[in-house]
Amino acid sequence: MPSDAKILIVDDHEDTLYALESALAPLGYRVGRATGGDQALKEVLRGQVALLVLDVRMPGVSGLDVVRYMRRVEQTQHIPVILLTGFGPDTELTATAFALGVADLLMKPVDPWALRTKVRYLYEAHRRHQALEQELRELRALVKEHTPNPALAHPDAHIPGRRRPQQDPRPQDPRPPRNGDRMEQGRTP
């Protein structure tokens with residue numbers, strides 16, 4: 001993940017966006033803002049978003065709709081999401097959110113210290129995940145570059161120029177030898 005990846009905060013209330021920006025400022029990460037679900041989806045699809053802090057209930061496209069869409073798109077399905085709600089505990093919302101793979105669900109007003117702790121952890125975990133994915137892509141490219149024929153990647157594949165081990169053309173008896181069944185060299189049964 002590039003170092004300029006941002007945390008996108010999404011809420012339809014300007015005062016909540018300001019409070020979230022103020023709470024996250026001490027972390028030093030870039031913070032972007034969106035005032036609705038449509039705008040949030042556009043930002044996420046442009047890339048460079050490492051984490052979403054998203055209000056559940058907004059006019060138009062809700063926070064849950066944004067998450068549903070993100071989970072269906074390969075480039076966005078691994079972006080962590082923290083959902084915010086101002087409507088108190090709701091077991092149905094909680095079950096739906098976690099079934100969609102949301103990282104956390106916080107009640108408003110949000111405790112700034114708790115938000116910073118969760119954001120720091122999720123941002124760094126996502127950054128590490130992205131770095132590992134990049135390393136995996138590079139390793140796959142190296143393997144592909146050094147393996148001229150994909151069939152050779154299999155350990156039982158024959159490598160041209162290399163002699164195959166000689167096999168005895170006589171069928172082998174799979175049973176272990178019994179006493180007295182030993183054949184001495186030069187004698188036939």
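Quick note: numbers below take in every heavy atom, side chains included, and nothing from hydrogens, waters or symmetry partners.
Taken to the nearest 0.5 Å, the CD1 atom of Ile9 stands 11.0 Å off from the OG1 atom of Thr35. Considering CZ of Arg72 and CD of Gln77, their distance stands at 11.5 Å, rounded to 0.5 Å. From Thr117, atom OG1 reaches atom CG of Leu27 across 8.5 Å, with rounding to the nearest 0.5 Å. One finds the CD atom of Glu92 at 10.0 Å from the OG1 atom of Thr94 (value rounded to the nearest 0.5 Å). Rounding to the nearest 0.5 Å gives a distance of 7.5 Å between CG of Leu84 and CG of Leu54. The distance from atom CD of Gln130 to atom CD of Glu133, rounded to the nearest 0.5 Å, is 5.0 Å.
For the pair Arg116 (side chain) and Leu24 (backbone), a donor-acceptor distance under 3.5 Å is absent. Put simply, the side chain of Ser62 never gets that close to the backbone of Met58: no donor and acceptor are under 3.5 Å apart.
Residues Leu8 and Gln39 have side chains not in contact (no heavy-atom distance under 4.5 Å, counting atoms from C-beta outward). Side-chain contact between Arg33 and Asp11: absent, with no pair of heavy atoms (C-beta onward) separated by less than 4.5 Å.
The cluster map of Ile, Leu, Val, Met, Phe, Trp and Tyr, joined by side-chain heavy atoms under 4.5 Å apart, puts Tyr18 and Ile82 in different clusters. Hydrophobic clustering (side-chain heavy atoms under 4.5 Å, transitive across Ile, Leu, Val, Met, Phe, Trp, Tyr) keeps Val119 apart from Met107.
Across Gln75 and Val44, no two heavy atoms sit closer than the pair NE2-O, 4.1 Å. Contact record, Lys108 with Gly86: CB-CA, 4.0 Å, taken as the closest heavy-atom pair. Contact detail for Tyr123 and Ala50: the closest heavy-atom pair is CE1-CB, 3.5 Å. Heavy atoms only, all atoms of each residue included: Arg57 and Asp55 are closest at O-OD2, 2.9 Å. Closest non-hydrogen pair, His78 versus His126, comes out as O-ND1, 3.3 Å. Ala40 approaches Val10 most closely through the heavy-atom pair CB-CG2, 3.6 Å.
A donor-acceptor pair shorter than 3.5 Å can be found between the side chains of Gln134 and Glu138.
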With side-chain contact (heavy atoms from CB on, under 4.5 Å) as the test, would you mind laying out the steps for Lys118 and Asp111 before giving the verdict? CA-CA 11 Å; Lys118 291 168 191 285; Asp111 174 13; over 6 Å; no

Could you check Val49 against Thr76 for side-chain contact (heavy atoms from CB on, under 4.5 Å), going step by step and ending with a plain yes or no? CA-CA 9 Å; Val49 174; Thr76 62; over 6 Å; no

Kindly determine whether Val53 and Leu106 satisfy side-chain contact (heavy atoms from CB on, under 4.5 Å), including the steps that lead there. CA-CA 10 Å; Val53 179; Leu106 300 177; over 6 Å; no

Residues Tyr69, Asp65; criterion side-chain contact (heavy atoms from CB on, under 4.5 Å); working and verdict: CA-CA 6 Å; Tyr69 182 81; Asp65 291 335; over 6 Å; no

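More than 12 heavy-atom neighbours from other residues, nucleotides or ligands sit within 6.0 angstrom of CZ on Arg137.
Considering Val66, Leu64, Leu83 as possible partners of Leu100, the one that fulfils the side-chain contact (heavy atoms from CB on, under 4.5 Å) test is Leu64.
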